[in-house]
Protein chains: 2
Amino acid sequence: MAQPEWNVMLASCPSRTSLARIANKWTAMIVIALSGGPLRFGEVRTAVEGISGKVLADTLRDLERDGVVTRTAYDEMPPRVEYQLTDLGRTLQEPLAALGRWAEQHIEEVITARTAYDSR
Amino acid sequence: MAQPEWNVMLASCPSRTSLARIANKWTAMIVIALSGGPLRFGEVRTAVEGISGKVLADTLRDLERDGVVTRTAYDEMPPRVEYQLTDLGRTLQEPLAALGRWAEQHIEEVITARTAYDSR
DNA sequence: CTGCATCCTTAATGATACTG
DNA sequence: CAGTATCATTAAGGATGCAG
């Protein structure tokens, strides 16, 4: 049998929407950034270098909606908003950190393969 | 320190491109589908239900370029093309399967959180 | 018929400006 | 500071066509 037992690949399977949410580069980097503890909006933006404010705000809202992060707004001046992983979000740390480690450990092979592919 | 030791999140870090490639729903599902052994184009398309031919062809080409899958075209009639994971691709199986398991195991919580968020 | 390439539509992302 | 709104840009996605 070529397929695993689970059915995430079926279009009808609702866990596909869940996979689509976490199998996403911004989600991965944001969760990894929040793994060390709560961060404010601007701190996440700094940690996940290169993300635009709009995309960060959108992604954080989606993650909050899905119960992965909590958003705490302090009514101060200047305003302060902190994001942190929920219990559910913490269960994502390990799988996503593993992906991050893969990216680090195998980047050389990927670049080598890419170069070989392009020069032909 | 709030950040992990590695620097995947820095825009300047090249492993980000590698993370972006694998942190993607189609990539995840294709690699998972190929985990059981080589499949032909149409079989992958059936396994990863809902993907269009173009997107599948594009994604497979990118994965081939990055050294994650091999593409073998047999000069037959009707045409046959088989895709299979490389050694590098097999190192991706575990991390991506873990993501798939997460999606399956926590989909209920995600849906609950989403419903709660929407009704307020 | 299978595997794709081409075209075109739509959704995601980015830059900028502005408010509480 | 932490957003939101608007617009410009780009990438993802789907429909169709064509060669092997």
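Residue numbering restarts at 1 for every chain, and letters A, B, ... go by the order of the sequence lines.
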| task | Walk me through it: do A:Leu56 and A:Val48 pass the test side-chain contact (heavy atoms from CB on, under 4.5 Å)? | result | CA-CA 9 Å; A:Leu56 179 56; A:Val48 184; 5.8 Å; no

Expressed in angstrom and rounded to an integer, what is the separation of [X] atom [atom1] from [N] atom [atom2]?
{"X": "B:Phe41", "N": "C:dC1", "atom1": "CZ", "atom2": "C1'", "result": "13 Å"}
{"X": "B:Ile30", "N": "C:dG3", "atom1": "CD1", "atom2": "P", "result": "14 Å"}
{"X": "B:Leu39", "N": "C:dT2", "atom1": "CG", "atom2": "P", "result": "15 Å"}
{"X": "A:Trp26", "N": "C:dA11", "atom1": "CH2", "atom2": "C1'", "result": "17 Å"}
{"X": "A:Asn24", "N": "C:dT13", "atom1": "CG", "atom2": "P", "result": "7 Å"}
{"X": "A:Leu56", "N": "C:dG14", "atom1": "CG", "atom2": "P", "result": "11 Å"}
{"X": "B:Leu60", "N": "C:dA5", "atom1": "CG", "atom2": "P", "result": "12 Å"}

| message | Enumerate the ring-ring contact (aromatic ring centres under 6.0 Å, His included) contacts for residues 37-84 of chain A, please, sequence neighbours excluded, ordered by first and then second residue. | response |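 For residues 37-84 of chain A, and leaving out neighbouring residues, there are no ring-ring contact (aromatic ring centres under 6.0 Å, His included) pairs at all.
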
| request: Could you list the residues that satisfy side-chain hydrogen bond (donor to acceptor under 3.5 Å, both in side chains) with B:Arg80, not counting sequence neighbours? | output: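 By the side-chain hydrogen bond (donor to acceptor under 3.5 Å, both in side chains) rule, B:Arg80 matches B:Glu76, B:Glu82.
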
| task | For A:Arg61, report the nucleic acid contact type (base, sugar-phosphate, nothing); a contact means any heavy atom under 4.0 Å. | result |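 Contact class for A:Arg61: sugar-phosphate only.
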
| request: Select base, sugar-phosphate, or nothing to describe what B:Gly53 touches, counting heavy atoms under 4.0 Å on all strands. | output: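 Result for B:Gly53 = nothing.
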
| field | Pairs flagged by salt bridge (Lys or Arg N to Asp or Glu O under 4.0 Å) wherever residues 11-31 of chain A is involved - sequence neighbours left out | value |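 Applying salt bridge (Lys or Arg N to Asp or Glu O under 4.0 Å) to every pair that reaches into residues 11-31 of chain A, excluding sequence neighbours, yields A:Arg21-A:Asp66.
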
| Residue pairs fulfilling salt bridge (Lys or Arg N to Asp or Glu O under 4.0 Å) with at least one residue in residues 30-41 of chain B, sequence neighbours excluded |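 Not a single pair qualifies under salt bridge (Lys or Arg N to Asp or Glu O under 4.0 Å).
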
Could you tabulate the donor-acceptor pairs under 3.5 Å formed by side-chain atoms of residues 99-108 of chain B, not counting sequence neighbours?
unit_1   : atom_1 : unit_2   : atom_2 : d
B:Arg101 : NH2    : B:Glu94  : OE1    : 3.3
B:Trp102 : NE1    : A:Thr91  : OG1    : 2.8
B:His106 : ND1    : B:Glu109 : OE2    : 2.8

| said: Nearest 0.5 angstrom please: B:Ile22 CD1 to B:Ser15 OG, how far? | reply: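 Those atoms lie 9.5 Å apart.
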
| Residue list, salt bridge (charged side-chain N to carboxylate O under 4.0 Å, His left out) with B:Asp75, at least two apart or on another chain |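 Testing B:Asp75 for salt bridge (charged side-chain N to carboxylate O under 4.0 Å, His left out), a comparison that skips the adjacent residues, returns none.
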
| field | Closest-nucleotide 5' rank along DNA chain D - winner of A:Lys54 and A:Pro79 | value |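 Per heavy-atom nearest nucleotide, the more 5' residue is A:Pro79.
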
| message | Using a strict heavy-atom distance below 4.0 Å, which residues from residues 68-78 of chain A are in contact with DNA chain D? | response |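 Result for residues 68-78 of chain A: A:Arg71, A:Pro78, sorted by number.
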
| task | Give me the other members of the hydrophobic cluster that B:Met77 sits in, counting Ile, Leu, Val, Met, Phe, Trp and Tyr linked by side-chain heavy atoms under 4.5 Å, directly or via other members. | result |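 Once heavy-atom contacts under 4.5 Å are chained together, B:Met77 still belongs with nothing else.
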
| Given that B:Glu82 and A:Gly50 both sit by DNA chain C, which one's nearest nucleotide is further toward the 5' end? |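 Taking each residue's closest nucleotide, the earlier one in sequence belongs to B:Glu82.
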
| field | For chain B, the stretch of DNA chain D it reaches, first to last nucleotide, under 4.0 Å of its heavy atoms | value |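 Terminal contacting nucleotides, 5' to 3': D:dG13 to D:dG20.
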
